[in-house]
Amino acid sequence: VRAGRLQARAVLEEHLARIDAAEPQVHAFNLVNAEPARAAADAVDATVAAGHDPGPLAGVPVALKDNLCTRGVPTTCSSRILEHWVPPYDATVVQRLAAAGAVAVGKTNLDEFAMGSSTENSAFGPTRNPHDLTRVPGGSSGGSAAAVAAGFAAIGIGSDTGGSIRQPAALCGVVGVKPTYGLVSRYGLIAFASSLDQIGPFASSVADAALLLDVIAGPDPCDSTSLRDAPPSAAARLGEGVDGLRVGVVTELTGAEGIAPDVVARTRECADALAGAGAKVEDVSVPAAVYGLSAYYLIAPAEASSNLSRYDGVRYGFRADGEDITEMYLRTRSAGFGAEVKRRIMLGTYALSAGYYDAYYGKAQQVRTLIIRDFAAAYEQFDVLLAPTAPGTAFALGAKTADPLTMYLNDVCTIPSNLAGHPAMSVPFGGGDDGLPVGVQVLAPALGETVMFQVAAAIEAAAPPLAPPVMAPPGGGR
Amino acid sequence: MTATVTEWETVIGLEVHAELRTATKLFCGCRNQFGEEPNTCVCAVCLGLPGSLPVLNRMAVEYAMRIGTALHCRVQRSIFHRKNYFYPDMPKDYQISQYDLPINVDGWLELPGGRRIGVERAHMEEDTGKTTHVGGGGRIHDAAHSLVDYNRAGVPLVEIVSAPDLRSADEARAYVEELRAILVATGASDGKMEEGSLRVDANVSIRPAGSPDFGTRCEIKNLNSLRSLGRAIDFEAARQARVLEDGGRVVQETRHWDEAAGRTGSMRSKEEAFDYRYFPEPDLVPVEPSDEWIAAAAAAIPALPAARRADVAAAGGGDAGADAVVTVVRLDLDHYAQAVAAAGGDAALAVRRLANEVAADIESIERLTEPAFVRLVAMETDGSLTTAQARTVLKELLAAGGDPDGVAARLGFEAMGADDLAAVVDRVTGEHPAEWERYRAGEDKLTGFFLGHIKTATDGNADLKAASALLRAHRG
């Protein structure tokens, strides 16, 4: 598009046609915004026609997770409590995408307030995996992952608090990246757990994901936790191979209980492929990583219980009337939130309560420190680490909804990076015994995006072929 | 506790909330302005809209450090916490405040009488919105509906927490007055209790006089003036004494001061108290002011009230009395006294005039120029104006401006010439020959008798000091 060989409008229409054909089965979107998207695409074409630079993502259709604020466009978090809320402002990431020429096609489905690993916790119905409509796409950013996998959008934006980008990327067979905490501004991302949330890209290739990350990363005065220095380039060393790089396979995560044998096998094959490409590959122990899940399920609900207090029916969103203010609060929140959100608010409220703070929230923060320390030790010996992304391939809808703990175990391999604030990404690497996609995860130290993408590109190049998604027509992408 | 104890000591600690005079709010760019139309100074951040994030106002930190420095606190690395509770005027249903690592700790404030009151901490936090309850008794419980104005939400506050060092309502008032003067002097706050930019909560307990242990305290809210503060403390101390003397137990609770009824009433007990579930605010980074910045904040503090009082006293104004000096400094009138002293005038006389006539008409202070005041004091000192005349001229200067010589002339206060005064003295002594003989025989107390008659005879225009000298001279 930028070179004038393609019309942004034509690219968009291809994607909209695919949405028309398959979205009713997949349900990746809460909202498809076709007309504003057409206007944006036309504007890009006009910019090119006028001889101006339309930006690095000119005319690229992007799917936005529906927890990113979009001015004038409903933003729901897939929750009844925000069903009709229309933000008066754009998230920083949304602004940067528009400035880069990207065309937002719609708002994608998610587990309510990003709490879940299957997108089944949406108040507006689940999203289905484009590779097998009886399976979940993973979550919480299942809508964005499915949209990219199904060719509804070339790229997608998700948010990752405990694996919510990487796990659905793995299950949908696309690339998903959680950047270093603070690399991408959180301004306008509706908070789940503020100290863990990080926005990141979905794409069908490592190069596209790198391009997208380089557009959205960088300091933002509106986010006090955004890093002040210029961000590392994700795309800098994509073609340079891995000769001489040191890659550690995390034994605690690869050998964790509940990791499916086919997933372990792909991870090992991936490690072998990197070794074959010249990397020095060894096993490494990160002992505290095994405590990540427990610490996460104290810290994330604790922060969520506070972040979600504001949905009280007083100022905006859903309100259920009551006789007095207390009854109004109770009815609004009882009817407005789904079961998983209520469960986590209760968990978090308990963890922060007087007399329990030290034993729960305080202890969890200590675990966090230990995880950072153990990762630091591992990165003294290795440039990047390797681990599975998810314990298995996409599971059937309803298979894990009965038992929250089983669902929580889906994030066991992804959570440590959130707790440490480090970057990690999932790259497709062949299929499981059921033929569905498997992702392997590349972990890097803080601000190690350049080497992380370098290794990811090598994995992509070595990955065994996988059948295309049943719902995606041939072609597509950019 | 026995019923024989009759003497109680009141123990008071004060929590003072001061709004900072920043141009914008604590975490967003909205204007920090009192008295605007409701909900016109708001944005996504101070309304707590989903996805919004706070960014700390640097000037608020600067003001907080000025306050801490002026209160002799240690200024330290600090972090923000979230204080979680549901209330409709709090947009996020949590307040961003400082908890166990506040910016200022361990200071003190010296009362004008010289006693030092401990300041445990002075921390930053955001203000809440303002709720108006319509219908019922004007409280949230019985209102028909409520309106919330979020203009105040996110306005920067510094909460100054005193040690439980105050021992009486008078002392508590003196503390707040002195603190207010310090806040205004630092430029950090305008200290207007009537506009709510300075708000006081009082923790009150009583104990047998001489006991080292503290009694159970009650926190009193809704103290909107110094008068309320004093009345509420006196009421509450008496109430607690009654409870204890009747063999009861004081319950730790929050009590609401009802100004109209003149009493405190229970709001909520300790058992009903909120569990605020404090935890570190993850949307903000620690506040780590450099030594240079702390020093710069300290350097920006002008002379504080205590130092200014010392200056006035040293210039001779102290002879007018400590209370008068306190008043002069509190009302920012010390520059007049300094000007008199600098011109070689009588600073004590200046302080008396400022603390009385000028303080009584402080709204008109704009009309009184420094040179006019210096001249007025000089005229009174050299006898060109009597005390009564000087007071009248000063009131006229405040009412209409002008210069003292012109005003005195207009009022007919031409100095009574020495010959005229001598004639009056002669006449008065001649009219009272018996008293005159007794005075001449040494009965000094009759001086007053004659001065009174001289004053009457001259309509108060006589310089009584000069008249007194003439009487002494005449008795030979």
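The chains referred to below are lettered A, B, ... by the order of the sequence lines, with proteins before strands, and numbering in each begins at 1. Only a predicted model underlies this, so the values are computations on that prediction, with no experimental measurement involved.
Within 6.0 Å of atom NZ in Lys342(A), more than 12 heavy atoms from other residues, nucleotides or ligands are found, so the atom counts as buried in its surroundings. Surrounding CD of Glu323(A) are at most 12 heavy atoms belonging to other residues, nucleotides or ligands under 6.0 Å away.
Asn307(A) touches chain B through backbone and side chain together, each having a heavy atom under 4.5 Å away. Contact annotation for Thr326(A): neither backbone nor side-chain heavy atoms come within less than 4.5 Å of a heavy atom of chain B. The part of Pro221(A) that comes within reach of chain B is its backbone (N, CA, C, O), which places non-hydrogen atoms under 4.5 angstrom from that chain. For Ala354(A), the parts lying under 4.5 angstrom from a heavy atom of chain B are both the backbone and the side chain. For a residue to count as touching a neighbouring chain, one of its non-hydrogen atoms must lie under 4.5 Å from one of that chain's; by this rule Phe192(A) does not touch chain B. Contact annotation for Leu82(A): only side-chain heavy atoms (C-beta onward) come within less than 4.5 Å of a heavy atom of chain B.
Interface with chain A: from residues 89-104 of chain B, residues Met90(B), Pro91(B), Lys92(B), Asp93(B), Tyr94(B) qualify, criterion being any non-hydrogen pair under 4.5 Å. Contacts between residues 28-54 of chain B and chain A, counted as heavy-atom pairs separated by less than 4.5 Å, involve Ala44(B), Val45(B), Leu47(B), Gly48(B), Leu49(B), Pro50(B), Gly51(B), Ser52(B), Leu53(B), Pro54(B). Annotation: residues 275-283 of chain B contacts chain A through Asp275(B), Arg277(B), Tyr278(B), Phe279(B), Pro280(B), Pro282(B), Asp283(B) [non-hydrogen atoms, separation under 4.5 Å]. Contacts between residues 309-322 of chain A and chain B, defined by a heavy-atom separation under 4.5 Å, are made by Ser309(A), Arg310(A), Tyr311(A), Asp312(A), Val314(A), Arg315(A), Tyr316(A).
Between Met59(B) atom CE and Thr24(B) atom OG1 the span is 10.5 Å, to the nearest 0.5 Å. With rounding to the nearest 0.5 angstrom, the CD1 atom of Ile67(B) is 12.0 Å from the CD atom of Glu159(B).
Ring centroids of Tyr356(A) and Tyr361(A) are separated by 6.0 Å or more, keeping the two rings apart.
Here the closest non-hydrogen pair linking Val287(B) and Phe80(B) is CG2-CE1, 3.7 Å.
With no hydrogens or angles considered, no side-chain donor-acceptor pair links Ser205(B) and Arg217(B) at under 3.5 Å.
Remark: the backbone N or O of Asp90(A) is not paired with any side-chain donor or acceptor of Arg71(A) at under 3.5 angstrom. No donor-acceptor pair under 3.5 Å is formed between the side chain of Lys65(A) and the backbone N or O of Leu189(A). The closest donor-acceptor contact from the side chain of Ser189(B) to the backbone of Glu19(B) lies under 3.5 Å. Glu112(A) places a side-chain N or O within 3.5 Å of a backbone atom of Gly338(A) that can act as its donor or acceptor partner. Under a 3.5 Å cut-off, the side chain of Thr75(A) and the backbone N or O of Val73(A) do form a donor-acceptor pair.
For the side-chain contact (heavy atoms from CB on, under 4.5 Å) criterion with Lys178(A), the lone passing option out of Asn418(A), Val184(A), Ile199(A), Leu183(A) is Asn418(A).
Taking the six-membered ring where tryptophan is involved, the planes of Tyr360(A) and Tyr350(A) are tilted, since the angle between them lies from 30° to 60°.
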